[in-house]
Amino acid sequence: METTLVLIKPEGVARGLVGEIISRFERKGYELVGLKLLRLTQEKAEELYGEHRGKPFYPELIGHMTSGKVVAMVWRGPGAISGARKIIGPTDPREAPPGTIRGDLVLEVGANLVHGSDSLASAQREISIFFQKGEMEG
Ligand code: DAT
Ligand code: MG
């Protein structure tokens with residue numbers, strides 16, 4: 001069964017939206033198989049967002065991701081990778097339709113609340129940044 005990494009960014013924890021965000025994936029029916037509250041090190045933030053190194057927003061992105069606690073989750077279910085991205089919505093909140101997390105709860109692209117893996121390869125890579133096999137249930 002497909003699994004994907006979803007990360008609640010620091011502003012999500014600071015705004016008290018952890019429950020709101022988790023409940024959207026639960027209501028869809030995905031199974032929560034890994035869950036951690038942690039503060040990202042510079043190294044882990046750079047590992048997660050390596051594909052964006054060199055882009056103008058990269059320093060701000062890394063600074064933001066290391067600015068407070070995040071919640072790392074692994075969700076499992078049929079089509080979980082693309083399904084989670086649909087629940088999250090497009091990167092730019094101005095493009096994100098109502099009903100998506102970013103459409104309902106976000107104004108700024110630089111504080112768009114949630115990260116979700118975008119492919120099978122990135123899901124596997126990103127899950128392994130945060131979780132060892134034995135830490136995921138079932
Ligand atoms: P996504 O998070 O939808 O996968 P992405 O991988 O293209 O989007 O970018 C990673 C994060 O970088 C994104 O969630 C927020 C930040 N970001 C992307 N484009 C940006 C921009 N033009 N200005 C500021 N931050 C940006
Ligand atoms: Mg991305």
Side-chain angles (χ1 to χ4, degrees):
M1 188 72 78
E2 203 166 291
T3 52
T4 191
L5 181 86
V6 175
L7 200 69
I8 303 176
K9 298 184 182 186
E11 69 275 22
V13 177
R15 290 174 61 190
L17 292 172
V18 171
E20 162 79 34
I21 292 166
I22 287 179
S23 74
R24 291 177 178 232
F25 295 94
E26 282 186 321
R27 275 151 51 200
K28 174 70 176 174
Y30 297 128
E31 183 189 359
L32 184 60
V33 294
L35 178 68
K36 279 184 187 181
L37 177 76
L38 69 150
R39 179 132 182 187
L40 281 185
T41 60
Q42 178 88 12
E43 292 69 31
K44 287 229 170 183
E46 290 180 354
E47 203 180 343
L48 180 67
Y49 281 122
E51 65 176 305
H52 297 301
R53 191 185 298 269
K55 293 183 184 171
F57 60 82
Y58 181 77
E60 184 189 315
L61 175 62
I62 298 301
H64 175 59
M65 292 301 294
T66 54
S67 68
K69 286 178 285 188
V70 303
V71 175
M73 303 176 282
V74 180
W75 291 94
R76 180 163 66 194
I81 298 167
S82 64
R85 296 276 302 186
K86 289 199 184 85
I87 289 171
I88 294 166
T91 308
D92 182 345
R94 290 171 296 191
E95 309 289 323
T100 65
I101 291 171
R102 288 166 172 169
D104 290 344
L105 303 169
V106 175
L107 284 173
E108 303 287 343
V109 66
N112 62 8
L113 275 183
V114 185
H115 167 81
S117 306
D118 65 4
S119 67
L120 187 58
S122 60
Q124 289 170 348
R125 188 183 72 78
E126 292 172 0
I127 288 169
S128 74
I129 297 174
F130 295 96
F131 295 91
Q132 300 187 313
K133 279 233 157 54
E135 294 176 329
M136 285 174 286
E137 188 48 49

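Each ligand, and each atom within it, is numbered from 1 in the order the structure gives.
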Just by distance, do the side chain of D104 and the backbone of P98 share a donor-acceptor pair under 3.5 Å? no

Those residues at least two apart in sequence (or on a different chain) that pass side-chain contact (heavy atoms from CB on, under 4.5 Å) with V18 are I8, V13, I22, V71

Counting N and O atoms only, with roles assigned by atom type, does the side chain of K9 sit under 3.5 Å from a partner on the main chain of A111, one being a donor and the other an acceptor? no

About how many Å separate CG of L5 and CG of D118, when rounded to the nearest 0.5 Å? 11.5 Å

Starting from atom 4 (O) of ligand 1, which protein heavy atom do you reach first, and at what distance in Å? R85 NH1, 2.7 Å

Is it the case that one hydrophobic cluster holds both W75 and L120, taking links as side-chain heavy atoms less than 4.5 Å apart, direct or via other members? no

Shortest protein heavy-atom distance from atom 22 (N) of ligand 1, along with the residue and atom involved: F57 CD2, 4.0 Å

State plainly whether the residues E135 and K36 are in salt-bridge range, i.e. N to O under 4.0 Å. yes

Please state which protein non-hydrogen atom is closest to atom 11 (C) of ligand 1 and give its distance, to 0.1 Å? L61 CD1, 3.9 Å

Specify the protein heavy atom at minimum distance from atom 1 (P) of ligand 1: its residue, its atom name, and the distance to 0.1 Å. T91 OG1, 3.5 Å

Less than 3.5 Å between some nitrogen or oxygen of N112 and one of ligand 1, yes or no? yes

Heavy-atom nearest neighbour in the protein, as seen from atom 2 (O) of ligand 1, with distance rounded to 0.1 Å: R102 NH2, 3.0 Å

Purely on distance, is any nitrogen or oxygen of H52 under 3.5 Å from one on ligand 1? yes

E60 to ligand 1: N or O pair under 3.5 Å? no

Residues I127 and T3: closest non-hydrogen pair is CD1-OG1, 3.5 Å

Should the pair Y30 and F25 be assigned to parallel (<30°), tilted (30 to 60°) or perpendicular (>60°) ring geometry? tilted

Can you find a non-hydrogen atom of V109 under 4.0 Å from ligand 1? yes

Specify side chain, backbone, both or neither for K9, according to which of its non-hydrogen atoms lie closer than 4.0 Å to ligand 1. side chain

Below 4.0 angstrom from a heavy atom of Y49, which ligand 1 atoms are there? Numbered from 1 as shown, please. 10 (C)

